[in-house]
Amino acid sequence: MMRTHRCGDLRPEHAGREVTLCGWVHSRRDHGGVTFIDLRDTAGIVQVVFSVDIDAGAHAAAQGLRSEYCVQVVGRVRERPAGTVNERIPTGAVEVAASSLRVLSEAETPPFQIDSPHEVDESLRLRYRYLDLRRARLQDNLRLRHAIIAAIRRFFDAEGFVEVETPMLMRATPEGARDYLVPSRLHPGCFYALPQSPQTFKQLLMVAGLDRYYQIARCMRDEDLRADRQPEFTQLDVEMSFVDVEDVLDVTERCFKYVWREVMGVELGPFLRLPYAESVERFGTDKPDVRFGVELQDLGPVFAASEAKVLRSALEDGGAVKAITLPGRGSASRKELDALVDEAKRLGAGGLVWAAVTQEGLRCPLERHLGEDEKRALVQRAGASEGDLVLIVADRSRARVDKVLGALRTRLAERYGLIPETDPSDPAHWRFVWIVDFPWFEYNEDAGRWDFSHHPFTGVVEETLDNLESDPGKVLSKAYDITLNGWELASGSIRIHDRELQKRVFAALGISSDEAEERFGFLLDAFRYGVPPHGGIAPGIDRIVALAAGETNIREVIAFPKTQSAQDLMTGAPSPVDAEQLEVLHLRTTVPLEETEA
RNA sequence: GCCCCUGUGGAGCAGCCAGGAGUGCUCAUCUCCCUGUCAAGGAGAAGGUCGCCGGUUCAAAUCCGGUCAGGGGCGCCA
């Protein structure tokens, strides 16, 4: 037996007992005749004392210890002398008086300090991920991740769901995100794709009569990375039969509440519900952060007949003029304001009109072009008062106005500290919002056509189908998202279970019936044999854990994540492969070997 | 593909705007001292091609151009 206890578990009740501990030298304080070692293992840290008075041999041996040595210590637990208790660690009332020391393995000086809370360069952390994972932050995050996933499994088990694994090697799908492809050795020129999601498989499990399925499923998408996007990520994949929208929302909401209650100790209230159109209108996005106001205000009525041509012409072209009001920023310098204009332009706006409400009146680049009534109406409609700054965006595309203001809203709220500082134990810290009533199509301005907003299996609200020809934007889908504090956490829908409707949707997507047969024939075939109405949802585990952990990047809750350029700095993936490996896969690369980017 | 930020002994920073000797701080490392620390303390030492390439200049960490790496974002992500 290498150890009798774990370092972090020792308490005053263990006093007097001889224990054997294993762990890493977290830090060392050498006072000459007495040397303290903070010994760290998976459970925590405990102070070990080496002293000439306790055991001269062990004390001498401890002189050779260095940070991150992996050691075994035998000693007697004792309560610390009065006045030397460390209140900041759970084991702080005790210490281990060491009688023997065995170095299990020595350690070179690490490239960064494990015991320091300092931020360390990301690339260094990723290259030495196994050392970064020793640090408290990632240890805590991985444990939290485990606790959340364990709670999820308990919840769905109790609800009668069956966890089923679906294939990792599947058929490529040209639409949607780019696939990661896997060449087939046995079928020259053919490829598997790694799943972007188990979408079709879970629908087939419903056809199969599983009734209620879930899976902690790894998904891969070959798209560019973001703080909340890795090339491979984990979804809680859920599908249910004989359900409509409300049933899925109910079980999902209860799942989140269960997890927050069990893991976070927080009793969440009912989730807010926002129709997609309202969310975009008020917050400029379909993933609104509703922890603060600064909502978008429509100034259209103010400027319909304005002398200010930039504003009026946007409206005349069928666009919009909207604004957000930043409380107390009216004193912003010209330099700051110019920077805001640049920022808006980078986000895609033609420009940005700012208007500061001051004691003397409106300070605004368009001031000369605005009548007194207009100014008053502007301030009033923007909900501004003295000292506030109104940021106005006008564009012939209403969608662009919403997008730019929505992005500015969240950025500036962060920058100017407009998001209330709440405690994670406070339910108000977690503003879950259901986004419902998504449009089935969205207008593609560049291509001048209507595109599907979702995957081609998404159900439609039948009553809105009449608008299909007249006003496609009014056709609503049976899709729904969960957002939390500005992050999209989950996305789902009731699916089409009618074979003919499914074929019509493929046709509407521009997929010919031959093509549909070729690519999704298995699904259409399955739909010949009695399909239950079904639907589901897929919450992103990485994002859930990141938010729960208070992290702003999902790398912090993934054991071995990739860089923004999709590389693993520790293993060096992706890498070139041997010519022989390509050979058996019937592959040849168009990239000359010397240009291969490792 | 595009925009922005960052890159300075092993780690974290300052220095850069306004060019003048690799200057400074905290931690780590090495040697020595030290019996109650927990950010231990004290004395000393070692450690750098200022990411890389080029340009401007009498002179570049500092200014300019390019490039690489990491990060944030736009596009992309049905």
Side-chain angles (χ1 to χ4, degrees), chain A residues 26-39 45-54 56 59 63 66-68 80-89 91-92 95 97 108-128 131 173-179 196-197 199 219-231 233 339 342-343 345-349 400 403-404 407-408 410-411 414 440-442 444 446 451-458 477 479 488 491 493 505-506 509-511 540 552-553 555 562-565 567 569 597:
Chain A
H26 190 66
S27 65
R28 170 180 65 114
R29 294 176 293 280
D30 185 353
H31 289 235
V34 60
T35 297
F36 302 97
I37 297 291
D38 284 343
L39 191 63
I45 288 172
V46 72
Q47 173 166 285
V48 178
V49 191
F50 294 90
S51 164
V52 287
D53 300 338
I54 301 164
H59 175 261
Q63 300 313 297
R66 296 294 180 268
S67 285
E68 298 308 311
R80 294 200 193 182
T84 65
V85 168
N86 184 351
E87 305 283 357
R88 284 181 302 193
I89 57 174
T91 64
E95 61 189 8
E108 288 181 17
T109 303
F112 51 86
Q113 285 167 252
I114 310 300
D115 63 339
S116 157
H118 274 298
E119 287 287 334
V120 177
D121 183 70
E122 279 273 349
S123 55
L124 202 61
R125 295 178 58 200
L126 291 169
R127 177 164 168 211
Y128 297 97
L131 295 181
T173 49
E175 56 282 303
R178 263 185 295 273
D179 283 321
Q196 297 176 24
S197 90
Q199 183 60 40
C219 304
M220 293 81 171
R221 295 178 189 174
D222 188 3
E223 298 292 350
D224 288 342
L225 288 80
R226 290 288 184 280
D228 61 354
R229 270 162 45 187
Q230 282 271 309
F233 57 102
D342 286 343
E343 200 164 349
K345 284 179 179 169
R346 280 199 297 271
L347 287 166
R400 191 172 299 134
K403 201 198 101 201
V404 171
L408 283 176
T410 47
R411 285 184 189 202
E414 239 161 74
W440 213 25
F441 300 94
E442 60 193 349
N444 182 329
D446 298 330
D451 286 343
F452 266 85
S453 312
H454 313 282
H455 58 61
F457 316 112
T458 303
S477 68
E488 180 190 311
S491 199
S493 65
V505 170
F506 283 142
L509 264 175
I511 303 174
T552 55
N553 194 300
R555 282 192 306 273
K562 293 184 176 55
T563 64
Q564 196 164 54
S565 58
Q567 286 177 297
L569 294 183
E597 294 176 31

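What you see below is based on every heavy atom in this structure, not just the backbone, and it leaves out hydrogens, waters and symmetry mates. Remember, it's a predicted structure, so these values are computed and weren't measured experimentally. Letters A, B, ... are given to chains in the order of the sequence lines, protein chains preceding strands, and every chain is numbered from 1.
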Asker: Please write out each protein N/O paired with an N/O of nucleotides 25-28 of chain B under 3.5 Å, distance rounded to 0.1 Å.
Answerer:
residue, atom, partner, partner atom, Å
B:C27, O2', A:Q113, OE1, 3.0
B:C27, O2', A:Q113, NE2, 2.5
B:C27, O2, A:Q113, OE1, 3.1
B:A28, O4', A:Q113, OE1, 3.2

Asker: Between B:U49 and B:U62, how many Å separate the two P atoms, rounded to a whole number?
Answerer: 16 Å
Asker: Rounding to an integer number of Å, can you tell me how far A:R125 CZ sits from B:A11 P?
Answerer: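 After rounding, the gap between these two atoms is 15 Å.
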Asker: Less than 3.5 Å between a donor and an acceptor, one on the side chain of A:R229 and one on the base of B:C76, is that the case here?
Answerer: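 Side chain to base: pair found, below 3.5 Å.
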Asker: So do the side chains of A:L569 and A:T563 get within less than 4.5 Å of each other, counting heavy atoms only?
Answerer: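 A:L569 reaches A:T563 side chain to side chain.
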Asker: Touch check for A:R555, heavy atoms < 4.0 angstrom, all strands: base, sugar-phosphate only, or nothing?
Answerer: sugar-phosphate
Asker: Determine whether a donor-acceptor pair (one donor, one acceptor, N or O, separation below 3.5 Å) exists between the side chain of A:E95 and the base of B:G36.
Answerer: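 Indeed, a donor on one side and an acceptor on the other fall under 3.5 Å apart.
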Asker: Counting Watson-Crick and G-U wobble pairs only, both distances under 3.5 Å, name the nucleotide matched with B:G24, or none.
Answerer: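 By the stated definition (distances under 3.5 Å), B:C13 pairs with B:G24.
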Asker: Counting distance only, does the side-chain N/O of A:H59 pair as donor-acceptor with the main-chain N or O of A:G33 below 3.5 Å?
Answerer: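 Yes, A:H59 side chain to A:G33 backbone: donor-acceptor pair under 3.5 Å.
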Asker: For the pair made of NZ in A:K345 and C1' in B:G73, what is the distance, rounded to whole Å?
Answerer: 19 Å
Asker: Hey, does A:F36 reach any base, or is it just sugar-phosphate, or nothing, if we go heavy atoms under 4.0 Å?
Answerer: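 Since a base atom lies under 4.0 Å of A:F36, the category is base.
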Asker: Hey, does the side chain of A:R29 come within less than 4.0 Å of B:G42's phosphate (OP1/OP2), counting only N and O?
Answerer: no
Asker: Phosphate oxygens OP1/OP2 of B:G70: is one of them under 4.0 Å from a side-chain N or O of A:S565?
Answerer: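 A:S565 to B:G70 OP1/OP2: side-chain N or O found under 4.0 Å.
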Asker: For nucleotides B:C50 and B:U8, find the distance between their C1' atoms and express it as a whole number of Å.
Answerer: 4 Å
Asker: May I ask which nucleotide in the shown strands pairs with B:U56, Watson-Crick or G-U wobble, both distances under 3.5 Å?
Answerer: none
Asker: List the residues meeting salt bridge (Lys or Arg N to Asp or Glu O under 4.0 Å) with A:R178, not counting sequence neighbours, and say none if there are none.
Answerer: A:E223
Asker: Determine the contact category for A:D53: base if any of its heavy atoms lies under 4.0 Å from a base atom, sugar-phosphate if only primed atoms, P, OP1 or OP2 are that close, otherwise nothing.
Answerer: base
Asker: When rounded to the nearest Å, what value does the distance between C1' atoms of B:U29 and B:G12 take?
Answerer: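 So the two C1' atoms sit 15 Å from each other.
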Asker: A:R66 near the nucleic acid: base, sugar-phosphate alone, or nothing, with a heavy-atom cut-off under 4.0 Å?
Answerer: sugar-phosphate
Asker: Go through the structure and list residues passing side-chain contact (heavy atoms from CB on, under 4.5 Å) with A:D342, not counting sequence neighbours.
Answerer: A:R346
Asker: Looking only at atom P, what distance separates B:C2 and B:G20, rounded to whole Å?
Answerer: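 Each nucleotide's P atom is 34 Å from the other's.
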Asker: Looking at B:A11, B:C38, B:G71, which one has an atom nearest to any side-chain atom of A:F112?
Answerer: B:A11
Asker: Respond yes when some side-chain nitrogen or oxygen of A:R221 is under 4.0 Å from OP1 or OP2 of B:C76, and no when none is.
Answerer: no
Asker: Under a 3.5 Å cut-off for both distances, is B:A18 Watson-Crick or wobble paired, and to whom?
Answerer: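 Checking every strand shown, B:A18 finds no partner, since no pair has both distances under 3.5 Å.
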Asker: Does B:C32 pair with anything, Watson-Crick or G-U wobble, both distances under 3.5 Å, and if so, with which nucleotide?
Answerer: B:G42
Asker: Given the structure, check if the side chain of A:R28 and the base of B:C38 hold any donor-acceptor pair shorter than 3.5 Å.
Answerer: no
Asker: What's A:L347 touching, base or sugar-phosphate or nothing? Going by heavy atoms closer than 4.0 Å.
Answerer: nothing
Asker: Under the side-chain contact (heavy atoms from CB on, under 4.5 Å) rule, collect the residues that match up with A:T552, sequence neighbours excluded.
Answerer: none
Asker: Tell me the partner of B:U49, counting only Watson-Crick (N1-N3 plus N6-O4 or O6-N4) or G-U wobble (N1-O2 and O6-N3) with both under 3.5 Å; none if nothing fits.
Answerer: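 None - no nucleotide pairs with B:U49, as no candidate has both distances under 3.5 Å.
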Asker: Please list, chain by chain and in numerical order, all residues satisfying salt bridge (Lys or Arg N to Asp or Glu O under 4.0 Å) with A:E87, sequence neighbours excluded.
Answerer: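 A:E87: no salt bridge (Lys or Arg N to Asp or Glu O under 4.0 Å) contacts found.
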Asker: Rounded to the Å, how far apart are A:E119 CD and B:G70 P?
Answerer: 18 Å
Asker: Between A:R29 and A:D38, is the closest basic N to carboxylate O distance under 4.0 Å?
Answerer: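 Looking at A:D38 and A:R29, the cut-off is met.
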Asker: Can you tell me how far C1' of B:U35 sits from CD1 of A:I54, to the nearest Å?
Answerer: 10 Å
Asker: Could you check how far CD of A:E108 sits from P of B:G10, rounded to whole Å?
Answerer: 15 Å
Asker: Which heavy-atom pair separates A:T91 from A:I45 by the least distance, and what is that distance?
Answerer: OG1-O, 2.6 Å
Asker: Just to confirm, is there a sub-4.0 Å distance from OP1 or OP2 of B:G70 to any side-chain nitrogen or oxygen of A:Q567?
Answerer: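 Yes, within the criterion.
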Asker: Now, which nucleotide makes the Watson-Crick or G-U wobble pair with B:C74, with each of the two distances under 3.5 Å?
Answerer: B:G1
Asker: Restricting to salt bridge (Lys or Arg N to Asp or Glu O under 4.0 Å), what partner residues turn up for A:R80, sequence neighbours left out?
Answerer: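 Result, salt bridge (Lys or Arg N to Asp or Glu O under 4.0 Å) vs A:R80: none returned.
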Asker: Taking the P atom of each, how far is B:C16 from B:A43, in whole Å?
Answerer: 30 Å
Asker: Can you tell me how far C1' in B:A60 sits from the matching atom in B:A21, rounded to whole Å?
Answerer: 13 Å
Asker: Reckon A:D30 touches a base, only the sugar-phosphate, or nothing at all at heavy-atom distances under 4.0 Å?
Answerer: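 Base contact - A:D30 has a heavy atom under 4.0 Å of at least one base atom.
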Asker: For nucleotides B:G7 and B:G48, find the distance between their C1' atoms and express it as a whole number of Å.
Answerer: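 Per the computed distance, 14 Å lies between those C1' atoms.
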Asker: Nearest-nucleotide wise, let me know which of A:V85 and A:V120 is further upstream toward the 5' end of RNA chain B.
Answerer: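 That would be A:V120.
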Asker: Would you mind reading off the distance between A:Q47 atom CD and B:A40 atom P, rounded to a whole angstrom?
Answerer: 11 Å
Asker: Are any of the side-chain heavy atoms of A:R555 and A:R125 separated by less than 4.5 Å?
Answerer: no
Asker: Please identify each residue that fulfils ring pair (Phe, Tyr, Trp, His ring centres under 6.0 Å) with A:H31, with sequence neighbours left out.
Answerer: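 Partners of A:H31 under the ring pair (Phe, Tyr, Trp, His ring centres under 6.0 Å) test: A:F36.
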Asker: Got a sec: does the CD of A:E108 have more than 12 other heavy atoms crowding it under 6.0 Å?
Answerer: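 Incorrect, the count does not exceed 12.
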Asker: Look through every strand shown and name the nucleotide pairing with B:A61 as Watson-Crick or G-U wobble, where both distances are under 3.5 Å.
Answerer: none
Asker: Within this structure, what is the CG-to-P distance between A:L131 and B:G10, rounded to whole angstrom?
Answerer: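 Nearest whole value for this atom pair: 17 Å.
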Asker: What distance, rounded to whole Å, do you find between the two C1' atoms, one in B:U67 and one in B:G22?
Answerer: 25 Å
Asker: Roughly, in whole Å, what's the span from OH in A:Y128 to P in B:G70?
Answerer: 15 Å
Asker: Using the test side-chain contact (heavy atoms from CB on, under 4.5 Å), find all partners of A:A227 that sit at least two apart in sequence or belong to another chain.
Answerer: A:N553
Asker: Looking across every strand, which nucleic acid part, if any, lies under 4.0 Å from A:L124 by heavy atom: base, sugar-phosphate, or nothing?
Answerer: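 Sugar-phosphate: the residue A:L124, judged by heavy atoms under 4.0 Å, touches backbone atoms but no base.
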Asker: Would you check if A:E488 and A:S491 make a side-chain contact, meaning some heavy-atom pair closer than 4.5 Å?
Answerer: yes
Asker: If only side-chain N and O atoms of A:Q564 are considered, is one of them under 4.0 Å from the OP1 or OP2 phosphate oxygen of B:G72?
Answerer: yes
Asker: With 3.5 Å as the limit, what N/O pairs link the protein to nucleotides 1-3 of chain B?
Answerer:
none

Asker: If you assign each of A:T563 and A:K403 to its closest nucleotide in RNA chain B, which residue comes earlier from the 5' end?
Answerer: A:T563
